[in-house]
Amino acid sequence: MFSQVIGGFLSSRGWSIAVLVVGLSVSGLITAALPFVASAGGSGAVSALRVLTGLMQGTMYPTMFTLMGRWVPEDERSRAGSLVLASQPIGNVLSMALSGWIAYAWGWPTVFYIFGLSGVVAAVVLYVFGGDSPHTHSRISPEERDYLTKNMKCAEKTKLPVPWRAILTSPALGTLLLAMIGYLWGYWVIITCTPSYFKDLLHVGIEWNGLLSAAPQLSMALCSIFFGWLGDVVTSKQLLSVTHNRKLFNAFGEWGPGLLCILVGYLGPSNPPLAVGLLVVAGGLISATFSGCICNYIDIAPNFSGISFALINTVGSFVSAFAPYAEGLLVDRNDPLPGWSNVFYSSAATYIILNSLWMVWGTAEEQPWNNPNHDGETGNKQKEPV
């Protein structure tokens with residue numbers, strides 16, 4: 001969680017591709033080496049490797065937002081953001097669906113070899129084809145560069161002074177934090193808790209549990225493409241303001257799953273197939289937040305979307321990391337199903353209450369601190385676009 005701020009800062013200084021290449025390659029090699037370390041060093045060595053992996057991968061997440069802020073115009077933001085962010089549930093689908101079968105067929109070490117080396121391959125591809133901004137990329141066409149120059153609000157310079165005070169005291173980011181905590185809490189309940197829920201509810205083995213637990217993630221990946229397209233249609237046709245557009249999709253992405261969590265908690269113990277179906281639908285609706293609050297960082301400050309996301313996601317991830325502990329606190333393993341209802345009721349309350357607050361006070365207006373002067377103080381003078 002805490003290395004996100006480092007990644008956001010480095011990417012805002014023009015080192016986005018370097019951060020991603022180093023993070024992917026190092027964490028990939030560490031993951032591939034984990035079975036050997038487990039045999040030689042035991043649980044302590046494995047834990048140390050996982051901490052190091054988390055530090056490396058934490059730097060990468062906010063870097064995506066910095067790159068989107070430099071590459072994606074406003075009327076393409078929902079689609080592009082949804083496609084990029086859909087990579088997370090797609091990766092989860094592949095890993096959750098395949099890991100059980102890989103471990104069942106070839107043993108658990110093979111899981112780490114395959115996914116670790118795939119990270120290294122991704123780093124090579126990114127190094128060859130990536131670029132920190134259209135202005136510095138050597139292989140895009142002049143037409144694409146001219147188009148982005150005319151349609152972006154991002155400064156030409158990639159090393160702007162970071163207006164820390166304005167960012168840390170921004171009301172727009174403060175209210176965005178509430179929406180992100182709601183999203184992250186519910187998301188991590190689905191990611192980390194559904195395998196245990198399906199085990200308690202359906203008593204499935206490891207090879208089928210992984211596949212079943214991937215279903216909400218697959219729904220999220222597929223629905224994100226639809227919501228991204230629809231969000232850009234609303235923006236390009238000016239059917240709603242950008243602020244109302246973001247709030248509309250976030251209502252689908254947080255209020256919708258919140259209501260479904262209530263149904264899962266009430267009906268799930270007596271009707272397992274219905275509970276599975278409701279969770280799959282909830283996973284799809286969550287992806288609407290990709291066109292809602294998660295795109296909001298780029299709206300309010302494209303120059304500092306990476307560092308803004310890093311700060312908010314660090315706090316939000318810290319809070320939402322307690323979601324698995326809520327499962328352990330509420331679920332009695334001797335009689336698990338009543339406790340699971342309370343897990344979903346608490347998730348529903350988090351979704352509905354926190355998103356309601358953002359619906360009242362959230363905004364997609366560009367903030368004055370997006371354009372600091374050379375001293376790092378905020379101003380309203382627009383920089384030359386990339």
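The structure presented is a predicted model; accordingly, all values stated were derived computationally and were not measured.
- Side-chain atoms of Ser219 never come within 3.5 Å of backbone atoms of Ala215 as a donor-acceptor pair (strictly under, hydrogens ignored).
- A search for side chain to side chain donor-acceptor pair (under 3.5 Å) contacts involving Tyr147 returns Glu76, not counting sequence neighbours.
- The aromatic rings of Phe65 and Phe309 sit parallel, their planes meeting at an angle under 30°, below the 60° perpendicular limit.
- Looking at Arg246 and Asp299, a side-chain N of the basic residue comes within less than 4.0 Å of a carboxylate O on the acidic one, giving a salt bridge.
- Side-chain contact check for Phe36 versus Pro109: every heavy-atom pair is 4.5 Å or farther apart.
- The side chain to side chain contact (heavy atoms under 4.5 Å, CB included) check on Ile17 picks up Val21, Leu67, Leu126, Asp132, with sequence neighbours excluded.
- In this structure, Trp358 and Asn355 have side chains that are in contact, with non-hydrogen atoms separated by less than 4.5 Å.
- Put simply, the side chain of Thr59 does not reach to within 4.5 Å of the side chain of Gln4, judged on heavy atoms.
- In this structure the side chain of Gln88 reaches within 4.5 angstrom of the side chain of Tyr61, judged on heavy atoms.
- Heavy atoms of other residues, nucleotides or ligands lying less than 6.0 angstrom from CH2 of Trp108 number more than 12.
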Let me see the working for Tyr197 and Phe344 under ring-ring contact (aromatic ring centres under 6.0 Å, His included), right down to the final yes or no. CA-CA 11 Å; Tyr197 182 65; Phe344 287 107; 5.1 Å; yes
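- In terms of heavy-atom proximity, Val111 sits nearest to Ser99 at CG1-OG, 3.5 Å.
- Taking the side chain as every heavy atom from C-beta outward, Trp164 and Phe9 approach each other to under 4.5 Å.
- Residue Thr66 comes nearest to Ser16 through the heavy atom pair CG2-OG, 3.6 Å, listed as atom of the first residue, atom of the second, then distance.
- Contact of the Tyr187 side chain with the Met220 side chain is registered, since non-hydrogen atoms from C-beta on lie closer than 4.5 Å.
- Of the possible polar contacts, none joining the Ser87 side chain to the Leu83 backbone as a donor-acceptor pair under 3.5 Å is found.
- Under a 3.5 Å cut-off, the side chain of Trp71 and the backbone N or O of Gly131 do form a donor-acceptor pair.
- At a threshold of 4.5 Å between non-hydrogen side-chain atoms, the residues Pro171 and Trp361 do not count as touching.
- Interatomic distance, Asn313 CG to Leu184 CG, rounded to the nearest 0.5 Å: 5.5 Å.
- There is no side-chain donor-acceptor pair under 3.5 Å between Ser224 and Ser287.
- Of all heavy-atom pairs spanning Gly23 and Met56, the tightest one is CA-CE, 3.9 Å.
- Shown here for Pro134 and Arg70, the closest heavy-atom pair between the two residues is CD-O, 3.3 Å.
- Aromatic ring orientation, Trp229 versus Phe226: tilted (interplanar angle from 30° to 60°).
- Closest approach of His137 to Phe129, counting heavy atoms only: NE2-O, 3.1 Å.
- Between Cys295 and Phe290, every side-chain heavy-atom pair lies at or beyond the 4.5 Å cut-off.
- Each of Thr350, Leu354, Thr289 was compared with Tyr183 under the side chain to side chain contact (heavy atoms under 4.5 Å, CB included) criterion, and only Thr289 meets it.
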